[in-house]
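Worksheet: the structure to be examined is printed underneath.
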Amino acid sequence: MDQSIDEIKKEIGEDVIEISLCDGEVVLKVESTKWKDVVDALKDKCKFDMLIDLCAVDYRDGDERFEVVVHLYGLGIKKRIRVKSRCSGEIQSVCDIYPAANWFEREAYDLFGIHFEGHPNLKRILCHDNFEGHPLRKDFDKRKRSDILKPNDLMDEM
Amino acid sequence: MQHTMIFEDNKMYLNIGPSHPAMHGCFRVLVELDGERISKAVPEIGYLHRCFEKEAESHRWDGILPYTDRLNYVSPLMNNVGYCMAVERLMNLEIPERANWIRMLICEVSRICDHLVCLGANLVDVGALTNYWYLFNERELFVDWIEALCGARLTSSYTRIGGLSRDIPSGTPEILKKCLKGTSKALNQVEKIIKRNRIFTDRTVGVGVITEDDAISYGFTGPCLRAAGCDYDVRKVDGYYHYDDVNWDIPVGESGDTFDRIFVRFEEIRQSSRIIEQILERIPEGPIAMDRGNISLPPKHDVYGSIEGMIRHFKIVMEGISPPPGEVYSCTEAANGELGFYIVSDGSDRPYRIKVRPPCFSIYQAYPKMIEGHTVADAIAIMGSLNIIAGELDR
């Protein structure tokens with residue numbers, strides 16, 4: 001496992017804040033400004049060719065309260081990696097690197113209100129378009145109710 | 001289908017779903033039709049969104065388990081296993097050997113049930129109605145066994161953090177061997193009916209093709225990825241439980257069309273049967289749950305018969321389990337692909353964040369691309385072969 005850490009360090013060493021091992025998996029922490037570069041390098045140079053999951057966590061501490069977490073897998077090298085970045089609500093989209101990120105980023109936008117710059121179609125996915133607020137934020141008022149009267153049009157995506 | 005039809009430049013817009021018997025759940029796809037062919041499609045999901053992730057943040061670790069039943073409701077036992085395995089990895093727990101083997105057993109039984117449902121329904125989509133009964137009859141026998149196992153047919157909630165809730169029912173090997181025999185017979189019969197059937201091959205070969213590269217870039221996992229030619233299977237890659245110790249192969253397709261997806265599932269049922277036969281031979285005797293005071297409930301006779309047992313029971317029921325602060329991503333091979341749980345714990349009795357990575361979510365993303373250029377009837381057949389389950393898609 002140390003070997004894979006060295007390899008990753010060699011390729012993208014200067015962009016990473018912290019590199020560690022968690023339960024046998026390499027975990028990278030990066031600056032939000034370097035987010036896209038690191039993910040791109042992991043796909044191109046380190047052969048992580050599959051985006052398994054992308055999600056966000058709300059830590060509710062300070063300005064950079066959100067953490068965007070992405071799990072990648074390399075089919076050839078048979079390794080998993082987790083990349084994390086703190087952000088204040090804006091981060092670059094990785095959609096054009098991994099098409100799979102499209103809906104995952106829409107979900108993170110829907111539930112946390114994180115804006116993914118450069119996303120081709122950043123709109124709500126699980127909640128209705130007229131829903132107010134971002135429900136997975138820790139300060140979301142759970143008692144709040146919204147009236148949804150009309151179905152989504154969807155013609156804007158046509 | 002809703003009646004919102006707009007005519008414009010000879011194009012017709014049609015809503016398929018959200019409530020339509022052919023949609024296998026609650027999905028809505030707005031399609032632009034050029035004649036009978038679909039020229040563009042926009043899917044909408046979320047009709048079955050029930051805030052699983054938000055709900056989980058306000059429940060105890062063990063209280064979340066019943067909610068996992070509802071993720072992929074066609075094979076709920078596998079979701080139970082996936083969730084418990086994630087929490088156990090977070091807490092660094094080693095569950096007893098017997099529990100490991102039983103978990104493998106229930107996963108494979110669920111996989112067979114799930115595939116039988118998918119195949120049965122998918123064949124109905126292409127007009128082969130008879131096969132539905134051949135396959136569902138066999139599934140019924142497995143579900144009867146699941147009912148004997150945990151008292152429920154669908155909402156199983158069978159596993160526990162640190163083991164299982166109860167042992168397998170007596171006579172299990174005989175019952176399951178009989179089920180497997182019946183399944184194998186049914187599969188052969190169905191295969192005989194459809195494999196060289198002209199109508200069936202016309203409806204499935206070359207329909208809804210997704211290439212291996214596309215499937216990987218969309219994050220496909222499970223039978224849909226394997227039908228496209230990539231042999232990724234979490235059971236082989238991670239080798240969790242005892243999947244490394246039993247003999248089985250990964251069936252792989254070639255062209256990634258509906259036909260391949262159907263036959264990869266056929267073959268997976270046979271491989272699961274192989275695994276089950278080996279498990280039944282090798283399943284060891286022993287406890288089914290960890291004997292740890294702060295994790296698993298003591299046996300009932302201890303609760304009623306000793307003060308220590310009662311205190312232990314009381315403490316777990318009142319205080320729950322508290323994993324150490326940390327995070328984990330744990331995945332298992334569910335019937336549709338990689339079912340992942342990303343869990344963040346802050347050390348309290350409730351999870352800080354749970355993210356479910358449902359296999360369908362990635363797969364359904366590619367659906368519009370797969371149906372463009374096909375007819376409406378093909379779109380239904382493609383959807384059936386992808387086996388999209390609204391419960392895990394929308395959470």
Side-chain angles (χ1 to χ4, degrees), chain A residues 22-25 27 43 49-60 67 69-76 78-82 84 97-104 106-108 110-112 121 123-129 131 135-138 140 142 151-158, chain B residues 2 4 6 11 13 15 18 28-32 40-46 48-49 51 53-54 57-58 89-90 92 213-214 216-221 225 230-232 237-238 326-331 338 340 342 344 346 352-353 355-358 361-362 364-366 368-369 393-395:
Chain A
C22 169
D23 196 16
E25 230 175 271
V27 181
K43 187 182 183 188
D49 40 14
M50 208 155 132
L51 182 137
I52 293 290
D53 185 37
L54 187 150
C55 68
V57 186
D58 179 10
Y59 284 102
R60 218 182 160 183
E67 187 167 69
V69 187
V70 69
H71 289 93
L72 306 176
Y73 180 73
L75 284 164
K78 290 193 172 21
K79 280 192 182 112
R80 289 177 196 283
I81 192 169
R82 182 185 308 151
K84 310 198 284 187
I97 305 169
Y98 294 103
N102 191 322
W103 279 19
F104 287 107
R106 277 177 69 182
E107 190 189 311
D110 186 0
L111 304 178
F112 289 92
N121 178 30
K123 52 186 266 190
R124 287 184 182 275
I125 186 161
L126 292 175
C127 302
H128 190 274
D129 283 355
F131 187 84
L136 271 182
R137 286 188 177 192
K138 289 283 177 186
F140 179 79
K142 278 185 262 186
N152 284 340
D153 189 14
L154 293 189
M155 285 305 280
D156 54 326
E157 284 185 65
M158 267 295 168
Chain B
Q2 290 183 357
T4 44
I6 310 153
K11 296 271 162 81
Y13 295 96
N15 271 300
R28 175 184 172 207
V29 190
L30 177 65
V31 292
E32 182 189 74
K40 198 166 181 349
V42 181
E44 188 191 21
I45 69 169
L48 221 59
H49 182 51
C51 323
E53 288 167 11
K54 187 76 181 172
E57 287 172 14
S58 54
R89 276 183 66 178
L90 182 67
N92 246 329
D213 290 345
D214 279 350
I216 291 168
S217 71
Y218 274 108
F220 273 44
T221 46
L225 177 64
C230 175
D231 66 347
Y232 174 65
V237 171
D238 286 2
E327 57 182 44
V328 73
Y329 176 78
S330 155
C331 56
E338 177 170 334
Y342 174 61
V344 180
D346 59 354
Y352 190 76
R353 168 97 167 99
K355 167 71 180 25
V356 184
R357 188 267 176 204
F361 198 74
S362 301
Y364 197 48
Q365 269 192 84
K369 195 178 163 225
L393 180 71
D394 296 343
R395 284 152 287 149

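Every chain is numbered from 1, with letters handed out A, B, ... down the list of sequences. Worth saying up front: this structure is predicted, and the values here are computed from it rather than measured. Hydrogens, waters and symmetry mates are skipped; everything else that's a heavy atom, side chains included, is used.
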What part of [X] lies closer than 4.5 angstrom to a heavy atom of chain A: side chain, backbone, both or neither?
{"X": "Cys51(B)", "value": "neither"}
{"X": "Asp238(B)", "value": "side chain"}
{"X": "Val29(B)", "value": "neither"}
{"X": "Glu327(B)", "value": "both"}
{"X": "Tyr352(B)", "value": "both"}
{"X": "Val237(B)", "value": "side chain"}
{"X": "Val328(B)", "value": "both"}

Are [X] and [Y] side-chain neighbours, meaning at least one heavy-atom pair lies under 4.5 Å?
{"X": "Phe361(B)", "Y": "Ile125(A)", "answer": "yes"}
{"X": "Tyr329(B)", "Y": "Val69(A)", "answer": "no"}
{"X": "Arg28(B)", "Y": "Leu154(A)", "answer": "yes"}
{"X": "Pro43(B)", "Y": "Trp103(A)", "answer": "yes"}
{"X": "Leu111(A)", "Y": "Lys355(B)", "answer": "no"}

**Test: Arg395(B) and Glu107(A) ion pair at under 4.0 Å** =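 Between Glu107(A) and Arg395(B) there is a salt bridge, with a charged N closer than 4.0 Å to a carboxylate O.
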Residue part contacting chain B, namely of [X], when any heavy atom lies under 4.5 Å:
{"X": "Lys84(A)", "answer": "side chain"}
{"X": "Asp129(A)", "answer": "neither"}
{"X": "Lys142(A)", "answer": "side chain"}

**Request:** State which residues pass side chain to side chain donor-acceptor pair (under 3.5 Å) with Arg353(B); sequence neighbours excluded, sorted by chain then number.
**Result:**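 Scan of Arg353(B) (side chain to side chain donor-acceptor pair (under 3.5 Å), adjacent residues dropped) gives Glu53(B).
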**Request:** Measure up the Tyr342(B) and His71(A) rings against each other and bin them: parallel (under 30°), tilted (30 to 60°), perpendicular (over 60°).
**Result:**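 Because their plane-to-plane angle is over 60°, the rings of Tyr342(B) and His71(A) count as perpendicular.
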**Prompt:** Do you know which of Tyr232(B), Tyr364(B), Tyr218(B) has the most heavy-atom pairs under 4.5 Å to chain A?
**Reply:**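 Most pairs with chain A among the choices: Tyr232(B).
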**Asked** Atom SG of Cys331(B) and atom CG of Asp53(A): how far apart are they, to the nearest 0.5 Å?
**Response**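 Cys331(B) atom SG to Asp53(A) atom CG measures 10.5 Å (nearest 0.5 Å).
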